[in-house]
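Step one of this worksheet: look at the structure below.
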Amino acid sequence: MKTFIELELSTPLLQAIEELGFLEPMPVQEQVIPLMLNNAQDIIALAQTGSGKTAAFGLPLIQETDLSKNKTQALILCPTRELCLQISNALTDYSMYIPDLHIVPVYGGTSINEQIKLLQKGAHIIVATPGRLIDLIERKAVKLQNVKRVILDEADEMLNMGFVESIDNILASLPENHTTLLFSATMPSEIARLTKTYMMEPLEITIGEKNTGAENVKHVYYSIAGRDKYLALKRIADFYPDIYGIVFCRTRKDTQNIADKLIQDGYNAEALHGDLSQNQREYIMQKFRIRNIQLLVATDVAARGIDVQDLTHVINFDLPEEKDVYIHRSGRTGRAGKAGVSISLVSPKEQRLLKDTEKRVGKSFIQTRIPGGKEVCEKQLFHLINKIETVEINETEIAPFLPVLYKKLDWFEKEELIKRLVSVEFNRFLEYYKEAVDLNQGNGDKKRKERTERSSSAPSDGRFTKLYLNIGKMDGLSPSDLMEMINEQVPETKFDIGEISIQKKFTVFEIENKGVQKLLSAFEDTYIDERPLVLKLDGDQPSDGKKRTGGKKGGDYHSKRDDSRRRDGGHRDSGHRDRGNKGGGRKDGGHSHRDSRKSDSYSSGKRRKDR
Ligand code: AMP
């Protein structure tokens, strides 16, 4: 905990806050004051009323003000007259030893002329409600061209009160070279839009202790061998069939690898990291927002722009080293009064980091056992039963089939019918988990068996052949894209896909031997735009794939695809969602092809066959 002196506040401010009885900075002040004083970065701060945020932005604003210039240098926007006066009074208190500073509050419901008179005398800092400020701008009573800092206080409240248009107009009228600090208790999508439009690479801060998010978050951890983390992640996904969360990884590479593996194993996941283009990132975030993705595997930086409210879980695949990163991560769940869980997968090496993190958060994390196979199966069974209980029946569509169905199933007793119905889904879990081992740290080598036998990336066992495809990351290809392409080309045939390795310019993937010829033939004369797709047996290619890629560098593969996906309003993805919602853990690691859905819109938007 720093002192106000260490935060490098000026003497008149230190004297004032001492008189006001502020002994030490509150957490929001400790974070925001140095950021504002030392750099000109845009900031988003998730903080509640009463957290001390007025002083957090007010003290640096006052310190920064150049009193030799009689110009408006800072603008504070807030939702109500009361808050406007409260902020203005607080700033007046903080500047009690800086008599030349002029702070002018302007708000609706009172004479505008009085306010114009005050403004004419000069206002270094204006505190305003948006509607009144627009009036004043229209009357040319305020000049904002010298504004260097804008504070949006209680931004979510301002939007709730219908100020969105006014805020847009105000922000659009400000000079380029200002920075914005946005305070909000929640982060609805309209705020995310504002931040995207008007802020440059904002730094996001979540105020731990005072944030309701943090209060509603349960922090748990699993003690686990580093090499078993992926298996544990799958268990978690299977144990919480309705999971909707972010899996945080340290590096872009880990992020991509883990997402790739999850997709191959039939989970409803995607990666989000800085190697993706802006378009790709936005597309994935949008899919996540509308819940077409259940698990987003992300780096901390890439996840900053996500404004999702009701995550059920945050999973720390690795604990972060950097101060506060854990608080930001876990603050993404448990928002808006909802309960959330932050799960950390902690290897023996990370035990010390766990202790440090607990200290930073100010709470002990609860050690929890990784669920065993039996528990996962039980959970999945009841999830299935719940779905059966609550599924909506389309009476009209199903009616014509019912007589035949009734007749066909007529000879089953009710109990037998239930067993069969449930087994359709449930058998997969039983099969996968029948020899499931205990992944909890310190439970012997038994666990190695599951890892090697059931890992999604189990090495080829002679059942598979490696194929080479001349598109890769540069073309925006992801494992799920590849699965879709294969499904499109050979929709009627079922075979397994093994390991997928997507490189910069090409991809090598394993396919069950019986599907090789079919797929090779299906890919003949196939194009992405003007570029021929080359699918071959892997082996004789140069490893960088240079000779094979012919055609355009970068390609229009992904942008076309994005367009076609957007056109169909995301319906196409509901197939994925269903797939994920069936629950994650699959024995059929390489069966995701079988599970994937065919998509017509994709093929028509992306390539032509038989040209
Ligand atoms: P705010 O979130 O700005 O509305 O502040 C909440 C209350 O905390 C106000 O009454 C402030 O005067 C008070 N306050 C702000 N900072 C401190 C501090 N460092 N120490 C004690 N009280 C403070």
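Start at 1 and go down the list; that is how both ligands and their atoms are numbered. Only a predicted model underlies this, so the values are computations on that prediction, with no experimental measurement involved.
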Between the main-chain N or O of Ile327 and the side-chain N or O of Thr206, is there a donor-acceptor pair closer than 3.5 Å?
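No, Thr206 side chain to Ile327 backbone: no donor-acceptor pair under 3.5 Å.
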Please identify which atoms of ligand 1 are closer than 4.0 Å to at least one heavy atom of [X].
X     : answer
Glu24 : 18 (C), 19 (N), 20 (N)
Thr54 : 1 (P), 3 (O), 4 (O)
Phe4  : 19 (N)

salt_bridge(Lys148, Glu64) N-O dist < 4.0 Å
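Answer for the salt bridge query: no.
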Just checking Ile5: does its CD1 atom have more than 12 heavy atoms from other residues, nucleotides or ligands closer to it than 6.0 angstrom?
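Open: at most 12 neighbouring heavy atoms sit under 6.0 Å from CD1 of Ile5.
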Should Lys53 be counted as touching ligand 1, given the test is an N or O pair under 3.5 Å?
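Between Lys53 and ligand 1, an N or O pair is found under 3.5 Å apart.
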N or O contact, Phe22 vs ligand 1, cut-off under 3.5 Å:
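No, there is no polar N/O contact under 3.5 Å.
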Check each of Gly52, Ala56, Ala90 against atom 5 (O) of ligand 1 and report the one with the nearest heavy atom.
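Nearest heavy atom to atom 5 (O) of ligand 1 lies in Gly52.
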Answer yes if the side chains of Arg149 and Thr179 hold a donor-acceptor pair under 3.5 Å, and no otherwise.
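Per modelled atom types, Arg149 and Thr179 side chains form a pair under 3.5 Å.
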Show me the donor-acceptor pairs, under 3.5 Å and distance only, between side chains in residues 98-112 and residues at least two apart or in other chains.
from, atom 1, to, atom 2, distance (Å)
Ser111, OG, Asn113, N, 3.3
Ser111, OG, Glu114, N, 3.3

